[in-house]
Amino acid sequence: MRITTTVNGQQRVVDDVWEGESLLYVLRERMGLPGSKNACEQGECGSCTVYLDGVTACACLVAGGQAEGREVVTVEALADADGLHPVQEAFLECGAVQCGFCTPGLLVQTHDLLARTGRPSDPEIREALAGNLCRCTGYEKILDAVRLASERMASR
Amino acid sequence: MTTPTQATTPAAARTRTPIGAPGRLENDAKGGVGTSPQRPDGALKVTGEFAYSSDLWMDNMLWGVTLRSPHPFARIRAVDIAAALATPGVVAVLTAADVPGRNVFGLELSDQPVLADDVVRYQGEAVALVAADHPEIARQAAKKIRVDYQVWEPITDARAALGHPTWNRLHDHPAEDVELSRSAAAIHPKGNLVRHLKIRKGDPDEAADVVVRGEYSVGMQDQAFLGPESGLAVPDGEGGVDLYVATQWLHVDQRQICTALGLTPDQVRLTLAGVGGAFGGREDLSMHVHGCMLALHTGKPVKMVYNREESFFGHVHRHPAEMRYEHGATRDGTLVFVNCDIYFDGGAYASSTPAVVGNGGTMGIGPYVVPNVRIDAYGVYTNNPPCGAMRGFGSVQTAFAYEAQMDLLAAELGMDPIDLRVRNAMAEGSVTPHGQTIDSPAPVAELLQRLREMPLPAEPDGADIDLRSLPGGVANSTHGEGVKRGVGYAVTYKNVAFSEGFDDYSTARVQIEAHQGNPLVVVHTAAAEVGQGLVTIEQQICRTELGVENVIVHPKNTDVGSGGSTSASRQTYMTGGAVKLACEAVRDRILTLARDRTDAPLDDAALVDGNIVTPSGAVLMSIADAIGEAVIEETREHHHRPTEEIDPETGQGFAHVQYSFSAHRAVVDVDTELGLLKVVELACVQDVGKALNADAVVGQIQGGSAQGMGLAIMEEIVVKDGKIRNPSFTDYLIPTILDTPPMPIQVLEYADPHAPYGLRGVGEAPTISSGPAVAAAIRQATGLPLTRVPIRPEHITGT
C-alpha cells in the first residue's frame with residue numbers, strides 16, 4: 001500500500017508498504033530515518049517515541065497505515081538551523097548519554113514534558129519518563145539533564 | 001538439501017560501504033586525563049544520527065532470520081527446508097550442512113555448533129537460517145521449515161546434572177569426592193561438569209565460638225541491553241566478507257568466525273558498528289557467523305536484527321547460583337573459618353563458565369581476612385539457557401550469599417553489621433583465600449565508615465503524603481500503613497582484567513601530523529566502545545600525553561591488533577594503557593625530530609599545549625614545527641603484569657592483576673502487607689584509584705548500581721522445564737526511572753602503583769555490592785531471612 005504522511009515538516013510518500021509494518025519500520029527502513037530506535041518493538045521501552053499529531057507515541061505500536069495523512073515528528077527534527085535544542089544540549093552536558101540507544105526516545109519525551117510543564121518537580125519528571133527504559137545510566141544524569149534543560153528553557 | 005545457486009558479486013563490491021558504517025569521531029571538546037570532556041559521539045547520539053548495528057543499510061540487502069529449537073533437549077531426526085525455500089522472496093535457507101568450516105564456536109571451549117546438526121541442548125538453539133528480501137517474509141518462511149525432533153527429558157538442575165545430592169538439611173555437605181554421576185544423561189560427551197574450583201586454606205576443622213549457616217539462591221539475570229543483536233555482512237565477491245557488528249571483542253569474534261567459515265583473518269574483516277549497550281551479553285557470538293554464511297551464500301549484503309523476544313534466546317545470561325555457606329567466628333567477631341559450596345548453572349554450552357567459576361570461587365567470601373577457608377565452586381552443563389558473562393561475572397551471585405552471612409553473624413553476635421565487617425576487612429597486605437597478597441590500597445573499612453557517615457534520607461512525613469514516594473506508587477495501595485523502612489549495607493571486591501595466567505593485552509596505534517599548523521592526532525584501537533565512554537578516554541590520554549587538543553578516534557576494526565574484550569572492567573586499564581604507551585613512543589619520535597631543529601637539551605622536555613617545553617615551562621618550539629611534513633605513527637601492545645593459574649587442588653596462586661572495591665548502603669521502604677518495595681536511596685562509595693573522567697566514573701557507578709538493584713528486587717528470567725517463560729520487556733522487568741532512587745556517590749582515589757595512572761577498573765564492582773545492600777535493607781525492614789533473589793512480593797507476605 002501507499003502511505004502519504006508528513007514527517008518532520010516534509011510530505012513523504014512511500015509505496016509497497018506491507019500492511020503489517022509498523023510506523024517504526026516505515027520510518028527506519030523506508031524513509032531513511034533510523035533515529036527512532038528498535039529496542040523492544042513491544043511498546044515497553046520508549047526508545048521509538050515520536051510525536052504523532054503532536055502527541056508522543058511508541059512508533060512500534062502504530063501501524064504504518066495509521067500514519068496516513070498525519071503528522072510525525074522524530075528525534076531527527078529536534079535540532080534546527082541554530083543548533084541543538086536545549087534538551088539535547090543538556091543530555092550531552094550532563095553525561096545523560098552512554099550507549100545512547102534510549103536517548104532519542106527520552107529526548108522526545110522530555111521535549112514533550114517541558115513543552116507541557118515549565119519547571120517539573122522530580123516526581124513529575126520521573127512520572128513523565130517512566131515509559132522510557134535506560135539500562136546504562138541509572139537515570140541520575142538523565143534527571144540532571146531534564147532539570148538543566150528546564151532551567152534554561154524557563155529562563156529564556 | 002537443496003540450495004539456490006550462489007550468485008556472484010563484482011569485486012567492486014568490496015569498496016561498497018554501508019550506510020551507517022562508522023566514521024571518524026571528532027569534536028571540539030578539550031581536556032585530558034582527570035577532566036570530564038564531552039564524549040566525541042555525543043552530538044551524533046542526541047541528534048539521532050549515530051548509527052547502531054541495527055541501523056546499517058545497503059541497497060539490495062537481504063534480511064536474515066534464525067529458526068530456533070522450541071525444545072530444550074532433543075535429537076534432530078530430519079530437517080525439510082523445501083517449503084521455506086519455495087516461498088516467494090526467499091533467497092536462501094541454510095542448515096548445519098551448509099556451515100563451510102568447522103561447525104563449532106565458543107569463547108573458552110569450542111563446544112557449541114553454529115547450527116545444530118544432531119542434538120539441540122537448549123530452547124532457542126539455532127537450527128536453520130533464512131534470507132529474504134523482507135524480514136517478515138524471512139520470518140514466515142522460517143516457520144515453514146519442518147524439523148523432526150525426538151524430544152528428550154531436559155536436565156534442568158545443576159546439582160542433579162552432576163549427581164550431587166540436593167540440599168535438604170543444612171549439615172548435609174555434598175562430599176567433594178562425590179563421583180560424577182553417570183546416571184544423569186551427559187549433555188556433552190565429557191560429562192556435565194564444566195569446572196570444579198577448589199580452594200583450601202588453613203585448617204578445615206578449626207573450631208569457632210559462633211557458627212552461622214545459610215543457603216542462598218540467585219535467579220537468572222539478563223543483560224537487557226537496549227540495542228538488539230544485529231549486524232550487516234557484506235560479501236567481497238572474492239570469497240571474503242566484511243562484517244559490521246555490535247560486539248565486545250572484535251578479534252575473538254574474528255577467530256571464531258574464521259573457524260566456522262573456513263576462512264583466514266584477512267578474509268574476515270570486522271568493524272564495530274554502533275553498540276546499544278553490552279554488559280557481557282555481547283561477548284559470545286550471536287548473528288556473526290549466520291550473517292556471514294548467508295552473505296557468502298547469496299553474494300548479497302545480509303542484515304540480521306533480533307527482536308526483543310529473540311534477544312532473550314540470542315545471548316547468554318548471568319548464571320543462576322545455588323550456594324551454601326558456613327561462617328565461624330570468635331565471640332568478639334573475628335572470622336575463624338568460611339566453608340562454602342557454590343553451584344553455577346552454566347546451561348547448555350560453556351561460554352565463559354570456567355572463568356565465572358574462577359571469579360566466583362576465588363572471591364567467594366568477599367573482602368574479608370579469613371585464616372581457614374574451604375570453597376568448592378562448580379560450573380555445570382544443564383539444558384537451561386546458556387549462561388556466561390554479565391557485569392560482575394561470578395562475583396554478583398556470591399556477594400548476595402557472603403554479605404547475608406555477615407549480617408546473620410552480626411545478629412548472632414549482637415554486633416553492628418558494619419563493625420563486624422570493619423573488624424574483618426581486608427587491607428593492603430592482606431592475603432586472599434587463594435593465597436594472593438593484596439599489593440595496593442584496599443580501603444574496605446574506609447568505604448564502610450564513609451557510608452555510615454553519609455546522611456540518611458529524611459523519614460517520610462506522615463502529614464503530606466506523595467503517593468509516588470511510597471511502595472506501590474500511584475496504584476494507591478498504601479498511605480503509609482504497613483510500611484517499614486530498612487537500611488542495609490554491603491561491600492565487595494572484584495578482579496579487574498583477565499586472570500589466571502591469561503596473557504591479556506590491548507593494542508593501540510597513534511598517529512600525529514601537523515594539519516594547518518596544528519598537531520592532529522588519530523587514535524586507532526579495536527577496543528569496543530559499548531557506551532561506557534572509552535572513546536572519550538582515548539582522546540583524553542592522547543591530549544595529556546602529547547600536549548595536543550585535536551584528537552580523532554578512528555573507527556574500531558580489525559585493521560589494528562586486538563583491543564581485548566570490553567569486559568572485566570578492563571578497557572581503561574588495558575586499552576588506555578596501550579594508548580599511553582603508543583603516545584610515549586610517538587613523543588619520543590617527535591623529540592627525535594625536534595633535535596634536528598634545536599641544540600637545546602630535550603631529555604626532560606614535555607609536550608604541553610601544542611609545544612615542546614622545558615621542565616621550567618619555557619617553549620622550545622611548537623610540536624607542529626618539530627613534525628614538519630612528517631607523519632608519525634606508532635603501535636604498541638599493553639600487557640598487564642602476568643598472573644598465575646591457580647593450583648587445581650588448593651586453589652592457591654597469584655590469580656588476579658588488580659581488585660576494585662565498592663560498598664553500598666540501601667534504604668528501602670517495604671509495604672509488609674503487600675510485599676511492595678520502594679528503594680528510597682542507594683548510596684555508594686568506591687575506590688577508583690584515579691578517576692580519568694570523573695563524570696564517566698560516576699555514570700558507571702550509578703548504572704552498575706541500578707543493575708545490581710534490579711537483580712535484588714525484580715529481574716529474573718523465569719525458566720521452567722528448560723523453557724524461558726518471560727522473554728519480553730513486558731514480563732522481564734528492568735528498573736524504570738520510578739524504580740530507581742537517588743544515588744549519592746563518593747569516589748576515592750587511592751592509586752594502584754601497578755596500573756596506568758594508578759587507575760582501577762570501575763564498571764563492575766557497583767553491580768556487585770548494590771543488590772546485597774538492597775536485600776539487607778529489606779531483611780532489616782521485615783525481619784525475614786529472604787535467602788533468594790530477586791525478592792518477590794510473595795517472599796515478603798508469605799502468600
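Letters go in sequence order (proteins before strands), and every chain restarts at 1.
- Only the side chain of A:L143 comes within contact range of chain B, with heavy atoms under 4.5 Å apart.
- Using a 4.5 Å cut-off between heavy atoms, A:L107 touches chain B through its side chain atoms alone.
- Both the backbone and the side chain of A:E76 come within less than 4.5 Å of a heavy atom of chain B.
- Salt bridge status for B:R318 with B:E715: absent, with no side-chain N to carboxylate O gap under 4.0 Å.
- Of the two parts of B:Q700, the backbone and the side chain both hold a non-hydrogen atom closer than 4.5 Å to a non-hydrogen atom of chain A.
- Checking each of A:R152, A:R147, A:K141 against A:E93 for a salt bridge (charged side-chain N to carboxylate O under 4.0 Å, His left out) leaves exactly one that passes, namely A:R152.
- Using a 4.5 Å cut-off between heavy atoms, B:D466 touches chain A through its side chain atoms alone.
- At a threshold of 4.0 Å, the pair A:E44-B:R308 does not count as salt-bridged, since none of the basic side-chain nitrogens sits closer than that to a carboxylate oxygen.
- With a 4.5 Å cut-off on non-hydrogen atoms, B:P741 touches chain A through its backbone but not through its side chain.
- Between the side chain of B:R39 and the backbone N or O of B:G531, at least one donor-acceptor pair lies under 3.5 Å.
- Heavy-atom pairs under 4.5 Å with chain B peak, among A:C40, A:G95, A:G20, at A:C40.
- Between chain B and the residues A:P104, A:P34, A:G35, the largest count of heavy-atom pairs under 4.5 Å involves A:P34.
- Comparing B:A51, B:A224, B:A706 by heavy-atom pairs within less than 4.5 Å of chain A, the highest count is held by B:A224.
- Contact tally against chain A (heavy-atom pairs below 4.5 Å) for B:S311, B:G533, B:P742: the top residue is B:P742.
- Taking CG from B:D739 and NZ from B:K678, the interatomic distance works out to 7.0 Å, rounded to the nearest 0.5 Å.
- Ring pair B:W63/A:Y25 is tilted by interplanar angle, where 30° to 60° counts as tilted.
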message: Checking A:E21 against B:H134 for the side-chain hydrogen bond (donor to acceptor under 3.5 Å, both in side chains) test, could you report, in this order, the C-alpha distance in whole Å, the side-chain angles of both residues, the deciding distance, and whether it holds?
response: CA-CA 11 Å; A:E21 288 175 18; B:H134 189 287; 2.7 Å; yes

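- When each of B:G227, B:G42, B:A43 is checked for heavy-atom pairs under 4.5 Å with chain A, B:G227 comes out on top.
- Not a single donor-acceptor pair under 3.5 Å links the side chain of B:Q702 to the backbone N or O of A:E140.
- The backbone N or O of A:M31 lies less than 3.5 Å from a partner atom in the side chain of A:R12, making a donor-acceptor pair.
- A distance-only check finds a donor-acceptor pair linking the side chain of A:Q88 to the backbone of B:V46 [under 3.5 Å].
- Counting heavy-atom pairs closer than 4.5 Å to chain A, the top residue among B:Y52, B:F729, B:F50 is B:Y52.
- Proximity to chain B is limited to the backbone of A:T137, based on heavy atoms less than 4.5 angstrom apart.
- Side-chain contact of B:S769 with B:H664: a donor-acceptor pair under 3.5 Å is present, judged by distance alone.
- For a residue to count as touching a neighbouring chain, one of its non-hydrogen atoms must lie under 4.5 Å from one of that chain's; by this rule B:V698 touches chain A with backbone and side chain alike.
- The candidate from B:L226, B:T736, B:N307 with the greatest count of non-hydrogen atom pairs under 4.5 Å with chain A is B:L226.
- Of the listed residues B:G704, B:S469, B:S230, B:G276, the one with more heavy-atom pairs under 4.5 angstrom with chain A than any other is B:G276.
- Between B:H315 and B:Y306, the gap from one ring centroid to the other reaches at least 6.0 Å.
- B:S728 touches chain A through backbone and side chain together, each having a heavy atom under 4.5 Å away.
- When heavy atoms are compared at a cutoff of 4.5 Å, A:C94 does not approach chain B at all.
- Only the side chain of A:L84 has a heavy atom closer than 4.5 Å to any heavy atom of chain B.
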